[in-house]
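Data first, discussion second: the structure below is written as structure tokens.
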Amino acid sequence: MAVVFITGVSGQDGGYLAEQLLAGGDEVHGLVREQDRPAPGAQGPRLDDAHLHVTDLTDFAGLSALIKDVAPDEIYNLAGMSSVARSWVEPVATGEVTGLAVAAVLQAAWELSESSGRVVRVVQAASAEIFGNPATSPQDESTVIAPVTPYGGAKAYAHHMVGVYRGRGLHAVSAILYNHESPRRPPTFVTRKITRTAALIARGEADELALGNLDARRDWGWAPDYVDAMVRAARHSKAQDYVIATGVSHSVSEFVAAAFGRAGIDDWERYVRVDPAFVRPVDAFELVGDSTRARTELGWAPTRSFADIVAAMVDTDLSA
Ligand code: GDP
């Protein structure tokens, strides 16, 4: 049984991770912001058996003290500003939460490993956004890091700091996660926005879907698979970086077509309008990852296809 500390436990990935670890018998501690604390009996991940600690990630001193107090064997840093679009509006806050806080987590983990003499394992949830508009496709762990968004810049700093602390001797892993979705994805992300609106249109409760760039191509995977990859990476004998991706990309319009088809609507073009408000100042054309290292060294593989992911999300929204 491991003592595990998760930042961002109230998010999509944090919920799945806490559920997986609790089911395996681990002691789970989660960091939540006051406004994200789940109401008793609320729908969503089953966190009843987790120990929740209310702190803001930018309270670096409080965060360090909490990590010392909990003294975890494993730390999963999943918290952060998760919206690329939002990072253009709040670049400084994005840097604090998504970037600088990671230095506080790594330093606290390092001090804990020094004072306890134990191995403290840290997994940082990095993002394909660190590659910006990559010159090579698919990307792997050796692809040049060249972000093009404030979110990507903050994640790149965090990714480099993981390497810095690994060089110092900490068991630190950067999991370079490509887009990963589920019915728990908030509608600020394009996939859930599409599946939710498709369900509303199918029920006659909406008549339009306003989107930004329909040609962007992303490598969409199943969120619980990505959480499982992080656990495998944490518990592997050697700490290193891993690209976690399916290796297959689809365009936003292909996602729309699949989602509307699942909802029983074949003429999706009738309903979709491009709204400049959702077009980003800079947006990677295509992000697609090569996860050979994770597949060979961690025995990891995605369990759900693109069609299965779309179906699970649309079906949830149709029954909501
Ligand atoms: P991200 O990759 O973490 O930013 O995940 P998103 O789901 O927010 O965006 C994925 C892709 O969908 C990006 O290339 C966006 O530019 C594109 N996209 C197109 N229309 C929209 C939209 O209306 N909302 C969002 N969030 N993304 C959109």
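Reckoned from all heavy atoms, side chains included, excluding hydrogens, waters and symmetry mates. For ligands, and for the atoms within them, numbers begin at 1 and follow the listed sequence. Fair warning: this is a prediction, and the values are worked out from it, not measured in the lab.
Salt bridge Arg293/Asp140: absent, no basic N to carboxylate O contact under 4.0 Å. A salt bridge is defined here as a Lys NZ or Arg NE, NH1 or NH2 lying under 4.0 Å from an Asp or Glu carboxylate O, and Asp26 with Arg235 meets this definition.
Under a 4.0 Å criterion applied to the non-hydrogen atoms of Phe278, ligand 1 contributes the atoms 23 (O). The distance from ligand 1 to the heavy atoms of Asn213 drops below 4.0 Å at these ligand atoms: 19 (C), 20 (N). The contact set between ligand 1 and Ala216, taken as ligand atoms under 4.0 Å from a residue heavy atom, comprises 14 (O).
Residues Ile75 and Phe5 have side chains in contact (heavy-atom distance under 4.5 Å, counting atoms from C-beta outward).
Scanning the protein heavy atoms around atom 21 (C) of ligand 1, the nearest turns out to be Val190 CG2, 3.4 Å. Atom 2 (O) of ligand 1 has as its closest protein heavy atom Asn179 ND2, 2.9 Å. Atom 9 (O) of ligand 1 has Arg280 NH2, 3.4 Å as its closest protein atom, hydrogens excluded (heavy atom only).
If you run side-chain contact (heavy atoms from CB on, under 4.5 Å) between Arg33 and each of Leu57, Val97, Asp56, only Asp56 comes through.
Polar contact with ligand 1: present for Asp283 (N/O pair, distance under 3.5 Å). Considering backbone and side-chain atoms together, Gly212 places an N or O closer than 3.5 Å to an N or O of ligand 1. The shortest N/O to N/O separation between Lys193 and ligand 1 falls below 3.5 Å. Between Thr188 and ligand 1, at least one pair of N/O atoms sits closer than 3.5 Å. Ligand 1 has no nitrogen or oxygen under 3.5 angstrom from a nitrogen or oxygen of Val84.
Within 6.0 Å of CG in Asp267 there are more than 12 heavy atoms belonging to other residues, nucleotides or ligands.
Contact annotation for Val252 and ligand 1: only side-chain heavy atoms (C-beta onward) come within less than 4.0 Å of the ligand.
For Arg192, the salt bridge (charged side-chain N to carboxylate O under 4.0 Å, His left out) criterion is met by Asp317, not counting sequence neighbours. Residues satisfying the salt bridge (charged side-chain N to carboxylate O under 4.0 Å, His left out) test with Asp275, not counting sequence neighbours, are Arg273.
A donor-acceptor contact under 3.5 angstrom links the side chains of Gln20 and Asp228, judged on distance only.
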